[in-house]
Amino acid sequence: MSVPGSFAVLRLLWLLSVFGTVLPLDGGMLFPRESSFREVKELNGLWDFRADGSPNRNEGFEKAWHKRQLAETGPVIEMPVPASYNDITQDPTLRDFIGWVWYDREVAVPARWISDQGTRVVLRVGSAHYYSIVWVNGEKVTEHEGGHLPFEAEISSLIRREPMKPCRITIAVNNTLTLETLPPGTIQYMNDSSRYPDGFFVQNMDFDFFNYAGIHRPVLLYTTPKVYVDDITVETNFMDNTGLIRYKVSVQGGFSNTLNITLMDKDGHFVASSNGSSGVLRVVDVKLWWPYLMHENPGYLYSMKVHLIAVSETSTYEDEYTLPLGIRTVNVTNTQFLINNKPFYFHGVNKHEDADIRGRGFDWPLIVKDFNLMKWLGVNSFRTSHYPYAEEILQMCDRHGIVLIDECPGVGIKDIRSFGNASLSHHLVVMDELVRRDKNHPSVVMWSVANEPASEMPPAEFYFKTLIEHTKALDQTRPVTYVTIAEADMDKGGPYVDVVCVNSYFAWYFDQGRLDIVPLQLSTHFENWYRKYQRPIIQSEYGADAVPGLHMDPPMMFTEEYQNALLQSYHDVFDQKRNQYFIGELIWNFADFMTAQGIYRVVGNKKGIFTRQRQPKAAAFLLRKRYWRLANETGRLLPD
Ligand code: GCB
């Protein structure tokens, strides 16, 4: 690939400056919550927005757009935050834009936050895809690589410098994917001037969802005292009727301090207490956290209130943070997945954060609707395919008892150059960030470090061994997997996973239309995987596209009848293997979702059992019947 001279140099320069740095994790990432000593101010709404359409996408940096109001640098439009910017306007150039886009807005900061030197003010972005740089009043406060996890910066001293001026926040976001990003991609320049205009380039990707971009999750300011609770880690266990919570609290800001920990039940009644930065809370007559449909009272949460008093020579600081927590255990044997020592059978879905207009933008009505649909369907679990979802979604799972396989954005790792050291070290950082954010959620029962990587390639063995060992060192309480599609004898990372998660599309991508071969191929496939790795198996994806309203009997591909018949042929095999080593089934996909344009996709992927607007196809009713039957057969509490 040859690249025009000056453009190539500029691109290389910003890639080096931007992608070359691995930022160490320096502290906790507690979800911002209000308390008597903490305030939260949401900055959601309309921001000014400008895409940098200059040929090298670098005009914003060359002309230092962050130094002024964006509106003073050129034409801006109104852009909702949170939302993907792609589908907001009528402009296909913005829908398919690759490069830097800029957002800014002014914020009125409460006077007390500025005058009170004992208050820390933190700016937090829930997520922005993919690479972000943030300035406050023209000064850079942070940058972050990765499109699905939060990042923040303390801005107290900056906003105190010019207390009378409104505080201007500028965020530049770049959606370019390279061989070393997660997910990876490549930029390809088309240099044939008889076919393409000068400077024409495309973003290639090896994954099947639209590369939505922008500020996808809430942006907010929150305060803590100068000495504050920075991180909390809990691990839970139980013996007979007694629950055990091992906790660790880290405090930042210096000074000797006193920590009081109080545990309350769901009704706010005192349960247990402790002092100090680490310890064990004992819970008599414990109410365990159970999955939905496995217990009459699923998703039981206690509240752990951490109260801090820190004293210096001149001042006293007080902080309080309340963490919801569930008490449960997770264990894996050769044939079973155990929650609270009882066999758990996953009957669930794979999702995407995806909807009309907002793209991947955070949206409460959509989230609540999806939970209502999942509960209607009898879903007890889902996989966050193919990237970490908003923390608010995980909190819903905690409360409703929906079990999660928490997946990092390691999707589309197909090029051998994406198995190099730079890719691996970034992947390790993403796992650090993911575990740091999600470690305390009872709903998260397993980490998935990747989806369908080219795991047959020789470097895959070292890559996955390192990645899985690293993840297990970060969190010793949960199993680790990656989702695979390769044939058993080709898979290099297989020996390191705790659970085999396998995707297959028999009678769809292969042997098209031949539903009759599914039973033979699927059961051979399972037997091979089990013989080779002796681990429990989850069917982590299976399905067929169905265009809603398209009918044909006998079934033909793309009709609702074919989707139903294909699911049914898989279910017959699942039911045979269920009492052996087969521990779960996750349909691909919960709802239709947008993809890049291509001849295999007719306005997106249609394997949803709901349409993108969340209306049921015939398959939703088939699955609903099955999942409620499974809940009755597998979900009841089995006698010891
Ligand atoms: C897969 C991928 C998923 C795709 C799906 C499909 O194996 O994991 O991202 O969308 O197949 O529909 O092809």
Side-chain angles (χ1 to χ4, degrees), residues 18-32 122 124-132 134 142-154 177-178 180-184 216-217 229-235 247-252 323 330 384 386-391 394 404-411 413 418-441 443-451 453 462-483 493 496-498:
V18 163
F19 289 101
T21 46
V22 172
L23 302 172
L25 298 186
D26 50 359
M29 191 55 78
L30 290 175
F31 184 78
V122 182
R124 185 186 215 262
V125 180
S127 77
H129 189 74
Y130 173 84
Y131 198 98
S132 309
V134 185
T142 192
E143 57 188 279
H144 181 257
E145 176 173 358
H148 312 89
L149 288 164
F151 51 95
E152 53 183 43
E154 189 191 333
L177 301 178
T178 72
E180 284 150 18
T181 58
L182 268 194
H216 281 157
R217 298 190 189 140
V229 175
D230 179 51
D231 199 12
I232 305 173
T233 309
V234 295
E235 283 178 21
Y247 73 86
K248 217 167 135 202
V249 177
S250 76
V251 172
Q252 288 286 337
L323 179 79
V330 173
T384 68
H386 291 306
Y387 37 79
Y389 291 2
E391 289 161 277
L394 273 66
L404 280 180
I405 300 174
D406 199 354
E407 188 156 283
C408 94
V411 55
I413 309 176
S418 291
F419 285 100
N421 283 343
S423 298
L424 178 56
S425 57
H426 175 57
H427 208 146
L428 297 174
V429 171
V430 173
M431 287 313 301
D432 289 347
E433 289 186 10
L434 178 63
V435 174
R436 175 178 68 173
R437 191 193 73 161
D438 292 350
K439 61 190 170 186
N440 294 326
H441 288 284
S443 54
V444 175
V445 299
M446 181 154 64
W447 306 110
S448 163
V449 298
N451 178 68
F462 174 75
Y463 193 97
F464 284 104
K465 181 174 187 298
T466 311
L467 196 55
I468 291 172
E469 281 173 359
H470 180 80
T471 309
K472 287 189 178 173
L474 290 171
D475 176 11
Q476 290 158 16
T477 69
R478 291 177 178 90
V480 182
T481 191
Y482 71 87
V483 173
Y496 306 103
V497 303
D498 295 309

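Rounding to the nearest 0.5 angstrom, the gap separating the CG atom in Asp406 from the OH atom in Tyr387 is 12.5 Å. Annotation: the span from Thr181 atom OG1 to His426 atom NE2 amounts to 7.0 Å, rounded to 0.5 Å. Note that the NE2 atom of His386 and the CG atom of Leu182 stand 13.5 Å from one another [nearest 0.5 Å]. Taken to the nearest 0.5 Å, the NZ atom of Lys472 stands 6.5 Å off from the CD1 atom of Ile468. Annotation: the span from Leu428 atom CG to Leu467 atom CG amounts to 6.0 Å, rounded to 0.5 Å. Note: Phe31 CZ to Leu394 CG = 10.5 Å, rounded to the nearest 0.5 Å.
Contact record, Ile413 with Tyr463: CD1-OH, 4.3 Å, taken as the closest heavy-atom pair. A pairwise comparison of heavy atoms in Glu180 and Ser423 identifies CG-OG, 3.5 Å as the closest pair. Among all heavy-atom pairs drawn from Met29 and Asp231, the shortest one is N-OD1, 4.4 Å. Of all heavy-atom pairs spanning Pro453 and Phe419, the tightest one is CB-CZ, 4.5 Å. Listed here is the closest heavy atom pair of Leu149 and Arg217: N-NH1, 4.4 Å.
Partners of Ser418 by side chain to side chain donor-acceptor pair (under 3.5 Å), not counting sequence neighbours: none found. Under the rule for a side chain to side chain donor-acceptor pair (under 3.5 Å), the partners of Thr233 that lie at least two apart in sequence or sit in another chain are Lys439. Among residues two or more places apart in sequence or in another chain, the side chain to side chain contact (heavy atoms under 4.5 Å, CB included) test is passed with Ser443 by Trp289, Cys397, Asp398, Leu404, His441. For Asp230, there are no salt bridge (Lys or Arg N to Asp or Glu O under 4.0 Å) partners two or more places apart in sequence or in a different chain. The ring-ring contact (aromatic ring centres under 6.0 Å, His included) search around His129 returns His148, not counting sequence neighbours. With sequence neighbours left out, Thr481 forms a side chain to side chain donor-acceptor pair (under 3.5 Å) with no residue at all. The salt bridge (Lys or Arg N to Asp or Glu O under 4.0 Å) check on Lys465 picks up Glu469, with sequence neighbours excluded. Take Phe464 and apply the ring-ring contact (aromatic ring centres under 6.0 Å, His included) test, not counting sequence neighbours, and it matches Tyr482. Arg478 is linked by a side chain to side chain donor-acceptor pair (under 3.5 Å) to Asp475, counting only residues two or more places apart in sequence or in another chain. Residues passing the ring-ring contact (aromatic ring centres under 6.0 Å, His included) test with Phe151, sequence neighbours excluded: His144. With sequence neighbours left out, the salt bridge (Lys or Arg N to Asp or Glu O under 4.0 Å) criterion links Glu235 to no other residue.
Between the side chain of Asn451 and the backbone N or O of Val411 there is no donor-acceptor pair closer than 3.5 Å. Without hydrogens or angle criteria, Asp498 side chain to Val480 main chain gives a donor-acceptor distance under 3.5 Å.
Between Cys408 and His427, some side-chain heavy-atom pair lies under the 4.5 Å cut-off. Two residues are said to be in side-chain contact when any heavy atoms from C-beta on lie closer than 4.5 Å; Asp438 and Trp447 meet this criterion. Counting only heavy atoms from C-beta outward, the side chains of Arg436 and Leu474 never approach each other to under 4.5 Å. Residues Arg124 and Pro150 have side chains in contact (heavy-atom distance under 4.5 Å, counting atoms from C-beta outward).
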Stepwise side-chain contact (heavy atoms from CB on, under 4.5 Å) check, Glu407 with Leu434: CA-CA 9 Å; Glu407 188 156 283; Leu434 178 63; over 6 Å; no
Please evaluate residues Val330 and Thr477 with respect to the criterion side-chain contact (heavy atoms from CB on, under 4.5 Å), reporting the C-alpha separation (whole Å), side-chain torsions for both, the decisive distance (0.1 Å), and the verdict. CA-CA 7 Å; Val330 173; Thr477 69; over 6 Å; no
Please assess Val449 against Val430 for the test side-chain contact (heavy atoms from CB on, under 4.5 Å), listing each intermediate value before the final yes or no. CA-CA 9 Å; Val449 298; Val430 173; over 6 Å; no
Could you give me the CA-CA distance, side-chain angles and deciding distance for Leu424 and Phe462, then say whether side-chain contact (heavy atoms from CB on, under 4.5 Å) is met? CA-CA 10 Å; Leu424 178 56; Phe462 174 75; 3.8 Å; yes
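Side chains of Glu145 and Tyr130: a donor-acceptor N/O pair is present below 3.5 angstrom, by distance only.
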